[in-house]
Enquirer: 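For reference, the structure I am asking about is given below.
Just so it is clear, the values below take in all heavy atoms, side chains as well, and ignore hydrogens, waters and symmetry mates. Whatever order the structure lists ligands and atoms in, that order sets their numbers, starting from 1.
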Amino acid sequence: MAKVRIKNLTKKFGEVRAADNFSLDIDEGEFVALVGPSGCGKTTTLRCIAGFIDPDDGEIILNDRVISSKKFVLPPEQRNMAMVFQSYAVWPHKTVYKNISFGLELRKLPKSEVRDRVMRSLELTKLKGLENRYPNELSGGQQQRVALARGLVVEPDVLLLDEPLSNLDAILREEMRFDLREIQQKLKITSIYVTHDQTEAMVIADRIVVMNQGRIDQIGSAEDIYHSSKSRFVASFVGTTNLLKGMVQRKDESFVEVRTEKGMVLRVKKGEGNEFPDIDSDVLISVRPESIEIEPSRIEKAHNLYKGKVVQKTFLGSFYDYRIKVEKEVLRVQTSSHKHLEVDAEVWMYIDPGLCNYLKA
Ligand code: ATP
């Protein structure tokens with residue numbers, strides 16, 4: 001197990017700052033996911049940690065040892081880290097067993113130890129019984145498990161994973177997320193996982209690092225970044241949200257009242273994350289679609305109760321996705337898939353002031 005400390009990491013490609021003053025401390029045994037849109041610098045950051053790319057600036061410290069700085073860069077093979085790639089990168093002419101044992105054979109470990117460790121990895125990755133097959137006799141999911149077993153068998157200090165599930169079909173991908181999490185928790189191996197898929201990050205990671213243009217926008221648990229997003233970027237990247245632009249027209253100790261540009265008046269409870277906005281300041285209110293209640297008849301609430309109209313309805317299996325027009329705003333509302341409301345129907349809508357999150361406009 002290892003602690004990883006990244007201090008002010010910067011990597012430029014011409015004018016592009018792929019990693020821009022990136023700092024992060026990762027605890028022993030922690031599973032961290034780097035998420036963000038394509039091109040935000042996830043892979044570059046991971047490759048700097050692995051030692052495949054030399055950073056322009058900053059330090060990477062493994063336990064108490066500086067493994068990368070302006071003056072010195074430790075080669076990847078001396079870092080005791082393992083990397084799993086999206087493309088599996090298994091050797092086509094070696095059996096599953098040989099793919100996994102190769103790293104141990106290079107280290108000249110006794111044959112019996114190699115065998116024990118390979119068998120343990122096979123068991124952990126649910127590959128037992130397939131050890132004599134060649135990669136072209138395996139499914140994509142099984143090949144990815146071989147890549148994972150090959151990484152785990154060397155007992156690395158840090159496991160690095162770069163979009164390892166992206167080539168798998170949706171069902172397998174969902175299943176593998178839980179398997180990966182389970183394996184990581186069993187082994188307590190410090191792991192850094194790159195993905196552009198926020199749901200994947202939520203399933204897998206203890207902490208999620210949301211990246212935007214080489215920088216960190218927010219770090220937190222899945223709940224933190226979803227319910228207490230600090231910026232417009234995070235609020236809209238992590239899940240779906242309604243963003244209502246407006247101005248604070250009243251304020252007391254616990255609430256602000258915001259008039260949106262499109263005519264809604266919304267009471268918003270003071271939260272913990274962002275600075276409580278002042279009167280007359282412009283704000284952006286984020287309201288998650290599942291935090292909004294809609295009913296065909298009046299709801300008994302003193303505030304944030306609106307009369308609206310259903311303008312669109314989409315059935316998505318586990319929920320309905322409605323678009324409801326209130327004043328000139330159109331809000332997305334997600335309800336149980338048993339709540340039937342017809343398009344054009346009038347509805348009552350309630351937004352809990354405690355479930356609104358204010359952001360800087
Ligand atoms: P994706 O999810 O698409 O893989 P990413 O978040 O992993 O994206 P990176 O691959 O780290 O992003 O790229 C970050 C930025 O650096 C991008 O603008 C990319 O075009 C640029 N970049 C990455 N590698 C190189 C390179 N070898 N030469 C030039 N530019 C590069």
Enquirer: Assess Pro37 for proximity to ligand 1: is some non-hydrogen atom of it under 4.0 Å away?
Expert: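 The answer is yes: ligand 1 sits under 4.0 Å from a heavy atom of Pro37.
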Enquirer: Hydrophobic cluster membership, with links at side-chain heavy-atom distances under 4.5 Å among I/L/V/M/F/W/Y: are Val194 and Ile219 in one?
Expert: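 Yes, same cluster.
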Enquirer: Side chains of Tyr320 and His340: do they bring a donor and an acceptor to under 3.5 Å?
Expert: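 On atom types as modelled, these side chains qualify, holding a pair under 3.5 Å.
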Enquirer: With nothing but distance in play, are any N or O atoms of Val16 less than 3.5 Å from an N or O of ligand 1?
Expert: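 Between Val16 and ligand 1 (N or O atoms, distance only) the closest approach is not under 3.5 Å.
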Enquirer: Is the shortest side-chain heavy-atom distance between Val310 and Glu346 below 4.5 Å?
Expert: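 No, every pair of side-chain atoms sits at 4.5 Å or beyond.
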Enquirer: Looking only at distance, does Lys42 have an N or O less than 3.5 Å from an N or O of ligand 1?
Expert: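 Min N/O separation from ligand 1 is below 3.5 Å for Lys42.
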Enquirer: Using a 4.0 Å heavy-atom cut-off, which part of Thr43 comes near ligand 1: side chain, backbone, both, or neither?
Expert: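 Both the backbone and the side chain of Thr43 come within reach of ligand 1.
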Enquirer: Taking only Lys NZ, Arg NE, NH1 and NH2, and the carboxylate oxygens of Asp or Glu, determine whether Arg332 and Asp321 approach each other closer than 4.0 Å.
Expert: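 Salt bridge between Arg332 and Asp321, a charged N being under 4.0 Å from a carboxylate O: yes.
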Enquirer: Hey, does Ser229 have a side-chain heavy atom less than 4.5 Å from the side chain of Asn357?
Expert: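 Yes. Closest side-chain heavy atoms under 4.5 Å.
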Enquirer: With a 4.0 Å cut-off on N to O distance, would you call Lys128 and Glu123 a salt bridge?
Expert: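 Looking at Lys128 and Glu123, the cut-off is met.
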Enquirer: Do you see a protein non-hydrogen atom under 4.0 Å from atom 17 (C) of ligand 1?
Expert: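 Protein heavy atoms within 4.0 Å of atom 17 (C) of ligand 1 - there is at least one.
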Enquirer: Among all protein heavy atoms, pick out the one at the shortest distance from atom 13 (O) of ligand 1; state its residue, atom name and that distance to 0.1 Å.
Expert: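 Scanning the protein heavy atoms, the shortest distance from atom 13 (O) of ligand 1 goes to Thr44 OG1, 3.8 Å.
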Enquirer: Looking only at distance, does Gly39 have an N or O less than 3.5 Å from an N or O of ligand 1?
Expert: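 In this structure, Gly39 places an N or O atom under 3.5 Å from an N or O of ligand 1.
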Enquirer: Counting heavy atoms only, which of Gly41, Ser38, Ala18 comes nearest to atom 12 (O) of ligand 1?
Expert: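 Closest candidate by heavy-atom distance is Gly41.
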Enquirer: Report yes or no: is the cationic atom of Arg288 (NZ for Lys, CZ for Arg) under 6.0 Å from the centre of the six-membered ring of Tyr226, at an angle within 45° of the ring normal?
Expert: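 Relative to the ring axis of Tyr226, which defines the angle, Arg288 lies inside both limits.
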Enquirer: So which heavy atom in the protein is nearest atom 21 (C) of ligand 1, and how far is it from that ligand atom?
Expert: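 The protein heavy atom lying closest is Phe13 CD1, 3.9 Å.
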